[in-house]
Asks: 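First, the structure itself, so that you have it in front of you.
In what follows, every chain begins at residue 1, and chains take the letters A, B, ... in the order their sequences are listed. Note that the structure is a prediction, hence the values are computed from the model and not measured.
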Amino acid sequence: MQSPATRTPKLFRTITTATVTTSLHNPPNSPTTSNRVAEQSCLALLHSCNTLPKLFQTHTYILKLGLQNNPLVLTKFASASSDLEDIDYASSFIFSPRSDTRLYDTFLFNTVIRAYAQTTHSRENALWFYRVMLGYGVLPNKFTYPFVLKACAGLGSLNLGKSVHGSVVKFGFDDDVHVQNTTVHMYCCCNGGINYARKVFDEMPKLDSVSWSAMIGGYVRLGWSSDAIGLFRKMQMVGVRPDEITMVLVLSACTDLGAFELGKWVESYIEKEGVQKNVELCNALIDMFAKCGDVDKALKLFRDMSGRTIVTWTSVIVGLAMHGRGLEAVSLFEEMIGTGVAPDDVAFIGLLSACSHSGLVENGRKYFDLMIKRFKIVPKIEHYGCMVDMFCRAGLVKEALEFVQNMHIEPNPIVLRTLISACRAHGELKLGESITKQLIRNEPMHESNYVLLSNIYAKMSHWEKKTKIRELMDKRGMKKIPGSTMIELDNKIYEFVAGDKSHGQSKEIYEMVDEMGRELKRAGYAPTTSEVLQDIDEEDKEDALNRHSEKLAIAFALLNTQPGTPIRIVKNLRVCSDCHSATKFISKIYNREIVVRDRNRFHYFKEGLCSCGDFW
DNA sequence: TTAGGGTTAG
């Protein structure tokens, strides 16, 4: 086969020259002029195609005029079809076997590849057309690669990404800053690609705010929030001005860490530097304030904001839910519908979790129905999960079970674990045992399944069985996810894990823990030793409880903060019932407000009570 | 005519 690489562009030149020459020598109304008029009218029609039926009509018109092989028309057709989210329609027409392949050019392929790269469901096609392009010998240009790399990012395959990156280098487009930035982003989105991203990033001769955002975004996506903040500090040091997207990412890292002081600093930085506060940045601020403990500030920002999107509403609904303010979340949801914003599936997850956290069972049932019937949203496993959680928390175990049996999809392990915890809490031990055994067969390497079974045996007083579970876990090499607690002090974040001795103040912290223990006992606190998994004696169990990361962080805070000031801590797991009980006592004994953000929600401890009402 | 990084849940 003759190489089309040289052939296609040549042919284009011939066509263009011929058209220009003949039109110069032909009087008006000649066939060539009318062709150009037809071409112009097709382009204008395509430009105004805002619905698919209009596009189909225009297609017929194109065929009638015989313009199906006009490159300008084809490209415009692809672009219009892509805007209407039906690029398949255009590509099947353009790349049909009857088409004149000599008309395919870089711009046409770029248009089609861009369209597929933008979709969430057909990114493979972007790569497919990229390969077709190379197969026809049509050369990619510097605009092609951002699209192709974006498609790779969406697919998340490192091998694919590496091979495309190889082509980028081969064709010599790796010196273009747009291509470099997209390469960094692409590697950040691939599983195991972060180090490749960093290598490209480190080797870039000039970094702009997009490059820094791409890399910071990579760390945020992995949950490496401290690294993200570290990189942001470096960005400031080298004097690149962050823009609104950089700030969204930094806020996202603050939210993840629960770094309230840092988050507030970012807000003042935005004001001081005059960073443009667009909707997305406002959303990120609202989310940060809500999740760092100041939901009223989040509400204020929300009220002052114009141009709210569904994300804005959802952020504040979720924020209220996390603080146990379920009724306010429900009324905000109603307000949202009232203003004509249609809820999506995520908004319903937020709303249903609000109902679940605040025990609003009737509301939960009502909105679950409303979601399906009025808003025609097919419930996903997450929605079912919220409902099961809601029934279980309210002690309606039978109802939860029935609900799971009537679900139109298989329950996932998360739903089953919710059910098992409820069985344990409400005495349905046999049932809990059988579901857990099933779960362990399906998920033999998931540590928390064993913990659940072990807890059930403890409650049944089947100590030998409990010991066997422990042995089985050791044999299979399972480890408990270590609980950790973070606390922010003087712009630094300190992290504690259970039994942590790495801290410089370790000796004082443990002395403080011992002192706290004595004070707690004096005030009437009894340790919940049944929470301890190990097969050790009672005194050692108490000791194990005292070394929980939460207690270490509180001791650290009592040592290093002014008396009477509030203590804010962030946990990676849900707060255990012993720590919950102890923290209530501590808030009273030491006269401190203690704000705990756990995996699910906020707990405000004050004068011996918790805002969750012991319901979490 | 064509290009890069972002927010909500689980």
Side-chain angles (χ1 to χ4, degrees), chain A residues 43 46-47 71-72 75-76 78-80 82 105-115 117-118 140-150 153 173 176-186 188-189 197 201 204 207-221 228 235 242-253 255 278-288 290-291 298 302 308-319 321-322 343-354 356 380-386 389 412-415 418 599-600:
Chain A
L43 291 177
L46 283 167
H47 189 71
L72 283 178
T75 307
K76 189 76 192 168
S79 167
S82 144
D105 72 342
T106 305
F107 187 59
L108 180 63
F109 274 106
N110 284 358
T111 310
V112 174
I113 293 170
R114 176 182 60 173
Q118 277 169 357
N141 63 12
K142 63 174 179 175
F143 299 112
T144 313
Y145 279 104
F147 302 139
V148 179
L149 289 163
K150 201 174 167 184
F173 294 120
D176 181 283
V177 71
H178 289 92
V179 175
Q180 290 166 347
N181 287 338
T182 325
T183 307
V184 171
H185 175 239
M186 178 277 290
C188 284
C189 291
F201 178 84
M204 280 171 66
L207 298 164
D208 61 15
S209 68
V210 178
S211 332
W212 287 94
S213 298
M215 199 62 233
I216 292 173
Y219 287 143
V220 170
R221 201 174 295 109
M235 176 182 182
D243 60 19
E244 67 275 14
I245 295 182
T246 323
M247 297 326 282
V248 165
L249 292 162
V250 175
L251 281 170
S252 174
T255 309
N278 59 10
V279 184
E280 290 81 0
L281 185 50
C282 290
N283 292 348
L285 276 169
I286 289 173
D287 187 47
M288 183 277 291
K291 288 191 188 144
F302 171 81
R308 300 168 193 149
T309 66
I310 184 70
V311 177
T312 323
W313 289 91
T314 307
S315 303
V316 75
I317 288 169
V318 168
M322 280 188 82
D344 62 4
D345 55 334
V346 181
F348 270 106
I349 295 171
L351 177 71
L352 295 175
S353 79
S356 161
K380 291 192 196 162
I381 192 69
E382 288 87 350
H383 300 103
Y384 287 119
C386 288
D389 191 49
N412 65 3
I414 299 168
V415 169
T418 309
R599 224 183 127 104
N600 271 338

Asks: Counting the atoms with a prime plus P, OP1 and OP2 as sugar-phosphate, which does A:Lys142 contact under 4.0 Å by heavy atoms, base, sugar-phosphate, or nothing?
Replies: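 It contacts base atoms.
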
Asks: May I ask you to say what A:Val346 touches in the nucleic acid, namely base, sugar-phosphate or nothing, with a heavy-atom cut-off under 4.0 Å?
Replies: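 Here A:Val346 touches the bases of the nucleic acid.
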
Asks: Indicate, with a heavy-atom threshold strictly under 4.0 Å, whether A:Ile381 touches base, sugar-phosphate, or nothing.
Replies: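 The answer is nothing, as A:Ile381 stays clear of every strand by at least 4.0 Å.
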
Asks: Using a 4.0 Å heavy-atom cut-off, does A:Thr111 contact any base of the nucleic acid, only the sugar-phosphate backbone, or nothing at all?
Replies: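 A:Thr111: no heavy atom of the nucleic acid under 4.0 Å.
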
Asks: Contact class for A:Asp176 (heavy atom, under 4.0 Å): base, sugar-phosphate, or nothing?
Replies: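 If one applies the 4.0 Å heavy-atom cut-off, A:Asp176 turns out to touch a base.
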
Asks: To the side chain of A:Ser353, which of B:dG5, B:dT8, B:dG10 is closest?
Replies: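 Of the candidates, B:dG10 comes closest.
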
Asks: Given atom CD1 of A:Ile317 and atom P of B:dG10, what is their separation to the nearest angstrom?
Replies: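 From A:Ile317 CD1 to B:dG10 P: 13 Å.
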
Asks: Nearest to the side chain of A:Phe147, which nucleotide is it out of B:dT8, B:dG10, B:dA3?
Replies: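 The nucleotide sitting nearest to the side chain is B:dA3.
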
Asks: Taking atom types as they are modelled, is there a donor-acceptor pair under 3.5 Å from the base of B:dG10 to the side chain of A:Asp389?
Replies: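 Absent.
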
Asks: Quiz question: going by heavy-atom distance under 3.5 Å, is there a donor-acceptor pair between the base of B:dG6 and the side chain of A:Asn283?
Replies: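 Checked by distance alone, the answer is no.
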
Asks: Taking OP1 and OP2 of B:dG10, is either one under 4.0 Å from a side-chain nitrogen or oxygen of A:His383?
Replies: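 A:His383 to B:dG10 OP1/OP2: no side-chain N or O under 4.0 Å.
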
Asks: Start with the C-alpha gap between A:Ile113 and A:Val148, add the side-chain angles, then the distance that decides, and say whether side chain to side chain contact (heavy atoms under 4.5 Å, CB included) holds.
Replies: CA-CA 7 Å; A:Ile113 293 170; A:Val148 179; 4.0 Å; yes

Asks: Using whole Å, report how far CH2 of A:Trp212 lies from C1' of B:dG5.
Replies: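 These atoms are roughly 14 Å apart.
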
Asks: For the side chain of A:Ile245, counting heavy atoms from C-beta on, which of B:dG5, B:dT1, B:dA3 is nearest?
Replies: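 Nearest nucleotide to the side chain: B:dG5.
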
Asks: Round to the nearest Å and state the distance from A:Asn141 atom CG to B:dT1 atom C1'.
Replies: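 Rounded to the whole Å, the gap is 12 Å.
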
Asks: Choose from B:dA3, B:dG5, B:dG10 the nucleotide whose nearest atom is closest to any side-chain atom of A:Val210.
Replies: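 When the side chain of A:Val210 is considered, B:dG5 is the closest of B:dA3, B:dG5, B:dG10.
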
Asks: Pick base, sugar-phosphate or nothing for A:Thr312, based on heavy-atom distances below 4.0 Å to the nucleic acid.
Replies: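 Counting heavy atoms under 4.0 Å across all strands, no contact is made by A:Thr312.
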
Asks: Between A:Ser315 and A:Asn283, which heavy-atom pair has the shortest distance, and what is it?
Replies: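 Between these two residues, the closest heavy atoms are OG-O, 4.4 Å.
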
Asks: How close or far is atom P of B:dG6 from atom CG of A:Asp287, stated in whole angstroms?
Replies: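 Rounded to the whole Å, the gap is 16 Å.
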
Asks: Just checking, is any N or O donor in the side chain of A:Thr309 or A:Thr312 under 3.5 Å from an acceptor N or O on the other one?
Replies: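 Indeed, the side chains of A:Thr309 and A:Thr312 share at least one donor-acceptor pair under 3.5 Å.
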
Asks: From C-beta outward on A:Val311, which listed nucleotide comes closest to its side chain: B:dA3, B:dG5, B:dT8?
Replies: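 When the side chain of A:Val311 is considered, B:dT8 is the closest of B:dA3, B:dG5, B:dT8.
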
Asks: Of the candidate nucleotides B:dT7, B:dG5, B:dA3, which contains the atom at the shortest distance from the side chain of A:Val248?
Replies: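 It is B:dT7.
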
Asks: Which nucleotide sits closest to the side chain of A:Ser209: B:dG5, B:dA3, B:dG10?
Replies: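 Ranking B:dG5, B:dA3, B:dG10 by closest atom to the A:Ser209 side chain puts B:dG5 first.
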
Asks: Would you say that A:Val316 contacts A:Arg308 through its side chain, given a criterion of any heavy-atom pair below 4.5 Å between the two side chains?
Replies: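 Of all side-chain heavy-atom pairs linking A:Arg308 with A:Val316, none is under 4.5 Å.
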
Asks: What is the separation between atom CE on A:Met235 and atom P on B:dG5, rounded to the nearest whole Å?
Replies: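 About 15 Å, once rounded to whole Å.
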
Asks: Of all the nucleotides listed (B:dA3, B:dA9, B:dG6), which has the minimum atom distance to the side chain of A:Leu249?
Replies: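 In terms of side-chain proximity for A:Leu249, the closest of B:dA3, B:dA9, B:dG6 is B:dG6.
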
Asks: For the pair made of CG in A:Leu251 and P in B:dG6, what is the distance, rounded to whole Å?
Replies: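 Going from A:Leu251 (CG) to B:dG6 (P), I get 15 Å.
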
Asks: Should A:Val177 and A:Met204 count as side-chain neighbours, where that means a heavy-atom distance under 4.5 Å?
Replies: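 Result yes, sub-4.5 Å side-chain heavy-atom pair found.
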
Asks: Is it the case that A:Thr106 and A:Asn141 place a side-chain donor and acceptor less than 3.5 Å from each other?
Replies: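 No donor-acceptor contact under 3.5 Å links the two side chains.
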
Asks: Looking at B:dT2, B:dT8, B:dG6, which one has an atom nearest to any side-chain atom of A:Asn278?
Replies: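 The closest nucleotide is B:dG6.
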
Asks: Between B:dT8 atom P and A:Ile310 atom CD1, what is the distance in whole Å?
Replies: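 One finds 14 Å between P of B:dT8 and CD1 of A:Ile310, rounded.
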
Asks: Using the side-chain heavy atoms of A:His185, tell me which of these nucleotides is nearest: B:dG5, B:dT1, B:dG10.
Replies: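 Comparing B:dG5, B:dT1, B:dG10 against the side chain of A:His185, the answer is B:dG5.
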
Asks: Separation of A:Lys291 atom NZ from B:dT7 atom P, in whole Å?
Replies: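 My rounded result for the distance is 11 Å.
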
Asks: Can you see if the side chain of A:Lys150 gets near the phosphate of B:dT2 - specifically, an N or O under 4.0 Å from OP1 or OP2?
Replies: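 Result: no.
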
Asks: Using a cut-off of strictly less than 4.0 Å, decide whether A:Arg221 has a side-chain nitrogen or oxygen near OP1 or OP2 of B:dG5.
Replies: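 Indeed not, no polar side-chain atom of A:Arg221 lies that close.
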
Asks: Find out whether A:Leu149 and A:His185 are in side-chain contact, i.e. whether some heavy atom of one side chain is under 4.5 Å from a heavy atom of the other.
Replies: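 No, their side chains stay 4.5 Å or more apart.
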
